[in-house]
Engineer: 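I have a structure here, written as structure tokens, and I will follow up with some questions on it.
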Amino acid sequence: MSYCVSTKRMDEILKVLQKDYRIYAPVRFEKRGRYSDTDLIRYAEINSIEDVVYDEKSHFSPKEVIYPITQALFYFTEDEYRESKVDDKKILIFARSCDINGFRRLDTIFLKNGGAEDIYYKRLREKVKFILMECKESWDSCFCVSMGSNKTDNYSLAVRFDGDNILVEVKDHEFINLFANEREVEFTPEFVTSNPTKVNIPEIDSQELLEKIYNLEMWESYNSRCISCGACSAVCITCSCFNTLDIIYTENGRVGERRRVQTSCMHEDFTTMAGGWSFRKTAGERMRFRTLHKIYDYKVRFKDENMCVGCGRCEERCPKLISFSSTINRLYDEVEKLKKGEVSRTREQAPSTEEGK
Amino acid sequence: MSENIMLPHPHKIIDIIPETEDVYTFRVETSAKVKHGQFFQVSIPKIGEAPISVSSMGENWVELTIRKVGKLTNEIFNLKPGDKIFMRGPYGNSFPIEEFKGKHLVVIAGGTGVAPVRSFLKYFYENPNEIKSLYFIAGFRDEKNILFKEDLKNFRTRFNTIYTLDRNIIEGFEVGLVTEHIKKIPFNSFEDYNVVIVGPHVMMHFAALECLKNGVSEEKIWVSFERRMSCGVGKCGHCKINETYVCLEGPVFNYTKAKNLLD
């Protein structure tokens, strides 16, 4: 069933929903953007439908609603520890198709990988229902169609912002009564079917080819370009890696907590072990790892889909303007060359830095 | 609510055995069923957590051999017998001991890499009839860094042993890296055997190559990987190589798999 609801009425409905739900949506934080005088759009709890930024792409993904950047796992006192708690409220998230599909990737890691469920993720995840925000059109950096994540039917409500009105499809019976007095209309959300940016996913079908890919010279170009800041992972809906960190409260050194803090495989110390040995020492090696994880090995492991959903936030957020879609296409071209037996520049073939000078 | 896999449990330290100046073995009370080669996530609340492999096990205890290298391990070294240490696990797969039985076994270990192989070496020391022969090459940097001196002495009596130091010359020890001594193993005379290699990343790489050069086939070689981990259960991402999680599919890998794990 679908309805046409005025913005004012939608606000009243949100107020009712707020009794049971925390409602999250992309929200504008004025003058908090990356450059002076620019705004930041990221997910936050809303109080009014007017808070929702629906006509711009959010800089951050909704993952932090249920997988916070930093999250207490336990509180320690001298002789006991206590598991952290969450409140009883359920969660509604205004999200786009790519992000809703992205949550499925997070579910795979946190709930399925290794067979054990992560309760910190699960206890928030099982509270979540999605309000699909229809994408009127694709933004320049989006490549959701190439990644097959432009569509979803995993939502309770779907909305189209239409001037002073909002069209709402209600799929979840829980919410039907809220809209009982509204004007029924014909509305089902539309999905973008093409993006300005397209990627070709290389088909890697042998260990021999994979080894050649590892030695491609293209990765070295990221050594000077990438600054290993991890901004790409911070905004990625599907990046799930974390560190655990114990802290002692400054006010009382005998009390503290174990936290989980999001991290990135792009950080220099991501693979560093006690004693200092690192497995991926250069930015290029880390870029190779991240690229293959997003468009190759996640799919090898879990079969269904690639990890990347093509939201394009990583390249918009990269301070060095590294485009992930270009990286994928660049890799595709190199792989095609390798498959055709054409000479592709590999680390062995390329002149060393010293020789090149 | 399902069980909290991140939840550590307190365990009593029964004994602390200094191995070297900065490596101690901690014997910890536990009823956990542990397999040779597995590891625990070991922690001290308010300090931190790290994966530590089991170096020996017995009725209601395990031993963890720990080098003092960082914030957590510095703090662990301040603990006394009777104190509590926090652990969760055991995690990971294990050495295929059943497959080793009835065959010849070659174990090549370097430095703290001796710790993860020590538990099954002790098993075969106690049960020498379960194995045709055992060749054990152990390498240490210098005299100060020799671990498990008592065990090494015992192993000499039942195994074919080559102990070596990188540089020092002392009685009972050869000189040089473990790789230089692999050619002494009579692989040609074995009808069926397995090789276990554990140590620093570079050492495992070159020791495996040396074994291959001496005619060992890839599927006979087993290695154990050491990786940074924050969870040990396939969530944190640190130990992932290609599509493989060392905490889940490892730390023990057959070389046919290990050689394809590209960082």
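As the structure is a computational prediction, the values presented were derived from the model and not from experiment. Reminder, nothing fancy here: chain letters follow the sequence lines and each chain counts from 1.
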Engineer: Side chain, backbone, both or neither: which part of A:E208 has a heavy atom under 4.5 Å from chain B?
Structural biologist: neither
Engineer: Within the supplied structure, the quantity of interest is the number of heavy atoms (other residues, nucleotides, ligands) at a distance under 6.0 Å from B:K33 NZ; does it exceed 12?
Structural biologist: no
Engineer: I'd like to know whether CG of B:N78 has more than 12 heavy-atom contacts from other residues, nucleotides or ligands below 6.0 angstrom.
Structural biologist: yes
Engineer: To the nearest 0.5 Å, how far apart are SG in B:C236 and CZ in A:F270?
Structural biologist: 6.5 Å
Engineer: Sort A:S278 into side chain, backbone, both or neither according to what part of it lies under 4.5 angstrom from a heavy atom of chain B.
Structural biologist: neither
Engineer: At a 4.5 Å cut-off on heavy atoms, which part of A:R286 comes close to chain B: side chain, backbone, both, or neither?
Structural biologist: neither
Engineer: Which atoms of A:F279 are under 4.5 Å from chain B, going by heavy atoms: the side chain, the backbone, both sets, or neither?
Structural biologist: both
Engineer: Donor-acceptor pair, B:K235 side chain versus A:S240 backbone, under 3.5 Å?
Structural biologist: no
Engineer: Go through A:V300, A:L292, A:T263 and name the one with the most non-hydrogen pairs under 4.5 angstrom from chain B.
Structural biologist: A:V300
Engineer: Given heavy-atom pairs under 4.5 angstrom as the criterion, report whether the side chain, backbone, both or neither of A:L106 touches chain B.
Structural biologist: neither
Engineer: Between B:L262 and A:Q207, is a side chain to side chain contact (heavy atoms under 4.5 Å, CB included) present by the stated rule, with each step listed?
Structural biologist: CA-CA 10 Å; B:L262 305 172; A:Q207 180 69 23; 3.9 Å; yes
Engineer: Flag yes if more than 12 heavy atoms outside B:K84 fall under 6.0 Å of its NZ atom; otherwise flag no.
Structural biologist: no
Engineer: Let me know if B:L248 has heavy atoms under 4.5 Å from chain A in its side chain, its backbone, both or neither.
Structural biologist: side chain
Engineer: Please identify, among A:Y121, A:Y298, A:F74, A:Y296, the residue contributing the most non-hydrogen atom pairs under 4.5 Å to chain B.
Structural biologist: A:F74
Engineer: Quick check for you: to the nearest 0.5 Å, what is the distance between A:N243 atom CG and B:E49 atom CD?
Structural biologist: 12.0 Å
Engineer: At a heavy-atom distance under 4.5 Å, which candidate from B:G234, B:G237, B:P45 has the highest pair count against chain A?
Structural biologist: B:P45
Engineer: Could you tell me whether A:K89 atom NZ has more than 12 heavy atoms of other residues or ligands within 6.0 Å of it?
Structural biologist: yes
Engineer: In sequence, state the C-alpha distance, the side-chain angles, and the governing distance for B:K240 and A:D297, and then conclude on salt bridge (Lys or Arg N to Asp or Glu O under 4.0 Å).
Structural biologist: CA-CA 10 Å; B:K240 188 182 152 296; A:D297 61 49; 3.0 Å; yes
Engineer: Where does A:K281 contact chain B at under 4.5 Å (heavy atoms): side chain, backbone, both or neither?
Structural biologist: neither
Engineer: Would the number of heavy atoms belonging to other residues, nucleotides or ligands and lying under 6.0 Å from CD of B:E218 be above 12?
Structural biologist: yes
Engineer: So, taking the atom named OG in B:S43 and the one named CZ in A:F76, what distance separates them when rounded to the nearest 0.5 Å?
Structural biologist: 6.5 Å
Engineer: In Å and rounded to the nearest 0.5 Å, what is the CG to CG distance from A:L73 to B:L7?
Structural biologist: 10.0 Å
Engineer: Atom CG in B:D263, atom CD in A:E285: separation rounded to 0.5 Å?
Structural biologist: 8.5 Å
Engineer: Considering only heavy atoms, which portion of A:Y120 lies under 4.5 Å from any heavy atom of chain B: side chain, backbone, both, or neither?
Structural biologist: side chain
Engineer: Around atom NZ of B:K35, are there more than 12 heavy atoms of other residues, nucleotides or ligands at under 6.0 Å?
Structural biologist: no
Engineer: Among the options B:L72, B:I47, B:T73, pick out the one with the most heavy-atom pairs lying under 4.5 Å from chain A.
Structural biologist: B:I47
Engineer: Tell me, for B:T244 versus chain A, whether the close heavy atoms (under 4.5 Å) come from the side chain, the backbone, both or neither.
Structural biologist: backbone
Engineer: Shorter than 4.5 Å, heavy atoms on both sides: which option in A:K299, A:R258, A:E211 has the most such pairs with chain B?
Structural biologist: A:R258
Engineer: Which residue out of A:G275, A:C239, A:G253, A:A116 racks up the most heavy-atom pairs below 4.5 Å with chain B?
Structural biologist: A:A116
Engineer: Identify the two heavy atoms, one from B:N242 and one from A:L210, that lie closest to each other, and give their separation to 0.1 Å.
Structural biologist: ND2-CD2, 4.0 Å
Engineer: So does B:I241 get a backbone contact from the side chain of A:H293, meaning a donor-acceptor N/O pair under 3.5 Å?
Structural biologist: no
Engineer: With rounding to the nearest 0.5 Å, note down the distance linking NZ in B:K46 to OH in A:Y249.
Structural biologist: 10.0 Å
Engineer: With no hydrogens and no angle check, do the side chains of B:N4 and A:R123 hold a donor and an acceptor under 3.5 Å apart?
Structural biologist: no
Engineer: Which atoms of B:P8 come close to chain A, meaning under 4.5 Å heavy atom to heavy atom: side chain ones, backbone ones, both, or neither?
Structural biologist: both
Engineer: Restricting to non-hydrogen atoms, name the atom on A:T244 and the atom on B:M6 that form the minimum distance, rounded to 0.1 Å.
Structural biologist: CG2-CE, 3.9 Å
Engineer: Describe, in one word, how the ring planes of A:W277 and B:H201 are oriented to each other, choosing from parallel (under 30°), tilted (30 to 60°) and perpendicular (over 60°).
Structural biologist: tilted
Engineer: Checking heavy atoms, do the side chain of A:F289, its backbone, both or neither come under 4.5 Å from chain B?
Structural biologist: side chain
Engineer: With only heavy atoms counted, which part of B:E226 is less than 4.5 Å from chain A, the side chain, the backbone, both or neither?
Structural biologist: both
